[in-house]
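This one's a predicted model, so the numbers in the text were calculated from it and none came from an experiment.
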Amino acid sequence: MQAIRVHPAPPSATPYSPTNPAPTTALHNDTIPIPTPTAPNQLLIHIKATTIIRDMLTWPETYSQPYAIPGHDFSGTVASVSPGSTTTLKPGTAVFGMTSSERASTWASYALVTTDEVALKPAGLGWEEAAALPLSAQTAYEALFVHAGLPPPLSGGRAQSEPQRQQEQDYQQARQLEQRVLVTGAAGGVGIFLVQLAARAGMHVVAASGSVARNGAFLKELGAEEVVEYADLEGGHEDRFDVVVDSVGGEVLERCWGVVKEGGVLVSVDSASFDFVEVHAKRGLRRDGVKALFFIVEGSAEVLRALSELTARGELRSFVAASFGIDRVKDAYDYANGRFDGRGKVVLTI
């Protein structure tokens, strides 16, 4: 099978690491054996598409073993199932998902995944759009509905009667009254899902972006009720938000302390801000009475199924900024790490 592997540095050079990341010339399209699912509830997926994430070559797990295969998002078909597996998924079934953060492997023709990392591909969605969902959308889902504690969107309730659905909707709306959510980096890869999911859950969503002129109409289409620029956060927004989810970091994240309510929640999903709570506490920025945290997405089949259902109902949109074949992985990585005008993820097709 084809697999993009990170080759080690030449013997005379400094070994590659997060602080000395491999250049794109270290990405090689190798031919290696197809793996076999042997562990309980393990699947072999024939990969159709995966994604390129900015700065992946700086991630520690990229160097946890020699000749690592990057990649976590995927869409494809089930090729085979481990003996004795209890899954109902059969060979040929179209699926999508995300491997564990500690086990990259999807920049390849085939990858081994577990049954709790996969769900049926959303109906009507192409391979590329399906691959663009899992990591970013699950990050947004966990930020809002796990770590911030907001109630998730209604399930759709096929088994419910119309009066039952109306009763549940009224209850949810009562709980969500006056719940205000601020999303920074709202037009980015995770931000577009934060906006959509918070809006679908009935929240009043304010989307912060670097340019209202460029992103305002788009973000309102996704469900934002207001769109502001980062400079606007410094005046008139003090203590206005029950939940703030940041995907930018830096000075923007620092400003977020001033706009979250007492008793509110501040979550950052910016990878460079993993220690922001401790750093900001030392600098006197942290406020008592505000729950603040950074997290790494865990993912689950349950959340993937929820995202699949929302997408199939037309309530969640997936965006592909650009698509490259596996033979152009170096171009794809450079594109993902540059400034591009497209919205959504950079996808690698196999």
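Val205 approaches Ala198 most closely through the heavy-atom pair CG2-CB, 3.6 Å. When every heavy atom of Tyr16 is checked against every heavy atom of Pro10, the shortest pair comes out as OH-CD, 3.9 Å. The shortest heavy-atom contact between Pro151 and Phe145 is O-CE2, 3.5 Å. Counting all heavy atoms, side chain and backbone alike, Ser247 lies closest to Asp270 at C-CB, 4.1 Å. The two residues Thr349 and Ser323 come nearest to each other via the heavy atoms CG2-OG, 3.4 Å. Here the shortest heavy-atom pairing between Met98 and Gly299 reads CE-CA, 4.0 Å.
In this structure, the side chains of Thr184 and Leu253 stay at 4.5 Å or more apart for every pair of heavy atoms. Residues Phe324 and Val329 have side chains not in contact (no heavy-atom distance under 4.5 Å, counting atoms from C-beta outward). Residues Leu135 and Thr51 are not in side-chain contact: their nearest non-hydrogen atoms beyond the backbone lie 4.5 Å or more apart. The side-chain heavy atoms of Asp73 and Thr106, taken from C-beta on, include no pair separated by under 4.5 Å. By the 4.5 Å heavy-atom criterion applied to side chains, Tyr63 and Pro21 are counted as neighbours. A heavy-atom distance below 4.5 Å is found between the side chains of Asn215 and Arg343. At least one side-chain heavy atom of Trp107 sits less than 4.5 Å from a side-chain heavy atom of Met56. Between Leu222 and Phe193, the closest side-chain pair of non-hydrogen atoms is not below 4.5 Å.
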**Asked** Would Thr114 and Asp116 count as a side-chain hydrogen bond (donor to acceptor under 3.5 Å, both in side chains) if you check the C-alpha gap in whole Å, the side-chain angles of each, and the deciding distance to 0.1 Å?
**Response** CA-CA 5 Å; Thr114 61; Asp116 60 353; 2.4 Å; yes
**Verdict with supporting geometry, Ile192 and Phe218, side chain to side chain contact (heavy atoms under 4.5 Å, CB included)** = CA-CA 10 Å; Ile192 57 177; Phe218 169 69; 3.8 Å; yes
**Message:** Let's go through Tyr333 and Val346 carefully: what are the C-alpha distance in whole Å and the side-chain angles of both, what is the deciding distance for side chain to side chain contact (heavy atoms under 4.5 Å, CB included) to 0.1 Å, and is it a yes or a no?
**Reply:** CA-CA 8 Å; Tyr333 189 81; Val346 177; over 6 Å; no
**Asked** After noting the C-alpha distance and the side-chain angles of Asn41 and Thr86, does the key distance pass the side-chain hydrogen bond (donor to acceptor under 3.5 Å, both in side chains) rule?
**Response** CA-CA 7 Å; Asn41 290 316; Thr86 59; 3.2 Å; yes
**Item:** Residue pair Leu112, Thr38: steps toward the side chain to side chain contact (heavy atoms under 4.5 Å, CB included) verdict
**Value:** CA-CA 10 Å; Leu112 292 174; Thr38 56; over 6 Å; no
**Message:** As a quick check of understanding, evaluate side-chain hydrogen bond (donor to acceptor under 3.5 Å, both in side chains) for Thr19 and Ser17, giving each step before the final call.
**Reply:** CA-CA 5 Å; Thr19 55; Ser17 68; 3.1 Å; yes
**Derivation of the side chain to side chain contact (heavy atoms under 4.5 Å, CB included) call for Leu125 and Phe96** = CA-CA 11 Å; Leu125 212 60; Phe96 79 125; over 6 Å; no
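With hydrogens and angles disregarded, a donor-acceptor distance shorter than 3.5 Å links the side chain of Tyr230 to the backbone of Gly185. In this structure, Asn20 contributes its side chain and Pro15 its backbone to a donor-acceptor pair below 3.5 Å. The closest donor-acceptor contact from the side chain of Glu117 to the backbone of Thr99 lies at 3.5 Å or more, if one exists at all. In this structure a side-chain-to-backbone donor-acceptor pair under 3.5 Å is present from Ser300 to Val303. Without hydrogens or angle criteria, Ser318 side chain to Glu129 main chain gives a donor-acceptor distance under 3.5 Å. Remark: the backbone N or O of Gly338 is paired with a side-chain donor or acceptor of Arg54 at under 3.5 angstrom. Side chain of Glu61 to backbone of Ala104: no donor-acceptor contact under 3.5 angstrom is found. The backbone N or O of Val6 lies less than 3.5 Å from no partner atom in the side chain of His28, so there is not a single donor-acceptor pair.
The CG atom of Leu89 sits 6.0 Å away from atom CG of Leu120, with the distance rounded to the nearest 0.5 Å. To the nearest 0.5 Å, atom OG1 of residue Thr139 and atom CG of residue Leu144 are 11.0 Å apart. Atom CD1 in Ile326 sits 9.0 Å away from atom OG1 in Thr50 (nearest 0.5 Å). Atom OG of Ser109 sits about 8.0 Å away from atom CG of Asn29, to the nearest 0.5 Å. Interatomic distance, Leu266 CG to Phe294 CZ, rounded to the nearest 0.5 Å: 12.5 Å. Separating the CZ atom in Arg214 from the OG atom in Ser209 is a distance of 6.0 Å, to the nearest 0.5 Å.
Atom CG of Leu293 sits in a crowded spot, with more than 12 heavy atoms from other residues, nucleotides or ligands closer than 6.0 Å. Surrounding CZ of Phe274 are at most 12 heavy atoms belonging to other residues, nucleotides or ligands under 6.0 Å away.
The side-chain contact (heavy atoms from CB on, under 4.5 Å) test with Ile69 is passed by exactly one of Ile4, Ile32, Asp30, Thr62: Ile32. With Gln138 as the fixed residue, the side-chain contact (heavy atoms from CB on, under 4.5 Å) test singles out one of Val190, Leu133, Val297: Val297.
Between Arg180 and Glu225, none of the side-chain N atoms (NZ, or NE/NH1/NH2) sits under 4.0 Å from a carboxylate O, so this pair counts as no salt bridge. The residues Lys345 and Glu128 are annotated as not salt-bridged, no charged nitrogen and carboxylate oxygen being separated by less than 4.0 angstrom.
Between Tyr67 and His7, the two ring planes are perpendicular [angle over 60°; tilted spans 30° to 60°].
Under a 4.5 Å side-chain heavy-atom cut-off, the cluster of Ile, Leu, Val, Met, Phe, Trp and Tyr residues that includes Val146 has no other member.
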